[in-house]
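One-based numbering along the sequence shown.
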Amino acid sequence: MAASRRPHGARHLVRNSLLIIAAALGVLLPDGLPALGGAALAGAAGLIGARLIASFDDIVDLFARNA
């Protein structure tokens, strides 16, 4: 992974804010082990969310192109 040559902008602020919110929700949720179905659903949602966050710049570029 190389450093981006683009300056940081609003999209990075949004991405980082979403990551902070997700981390805060994880800390604030009640303790205890979830049911197996809930854990599987949370794991799937986490994988999808991680993929979207990893591709955030590409997704923004896709919709923000000046044609």
Side-chain angles (χ1 to χ4, degrees):
M1 298 182 115
S4 174
R5 295 180 192 261
R6 288 187 234 169
H8 294 290
R11 70 174 71 172
H12 298 99
L13 180 64
V14 169
R15 181 196 62 206
N16 292 344
S17 297
L18 291 172
L19 290 170
I20 290 170
I21 291 168
L25 286 174
V27 169
L28 296 175
L29 290 178
D31 292 336
L33 295 175
L36 182 58
L41 181 62
L47 289 173
I48 292 168
R51 181 63 184 146
L52 288 173
I53 292 296
S55 302
F56 190 76
D57 283 339
D58 295 331
I59 293 169
V60 170
D61 285 341
L62 179 66
F63 291 107
R65 292 191 190 267
N66 294 327

Is any side-chain heavy atom of R15 closer than 4.5 Å to one of D57? yes
When rounded to the nearest 0.5 angstrom, what is the spacing between [atom1] in [X] and [atom2] in [Y]?
| X | Y | atom1 | atom2 | value |
| --- | --- | --- | --- | --- |
| D61 | S55 | CG | OG | 11.5 Å |
| L13 | L18 | CG | CG | 9.5 Å |
| I53 | N16 | CD1 | CG | 9.0 Å |
| L47 | L52 | CG | CG | 11.0 Å |

Tightest non-hydrogen contact, residues R11 and F56, listed as O-CE2, 3.0 Å
Mark yes when over 12 heavy atoms from residues, nucleotides or ligands other than L36 sit less than 6.0 Å from its CG; otherwise mark no.
no
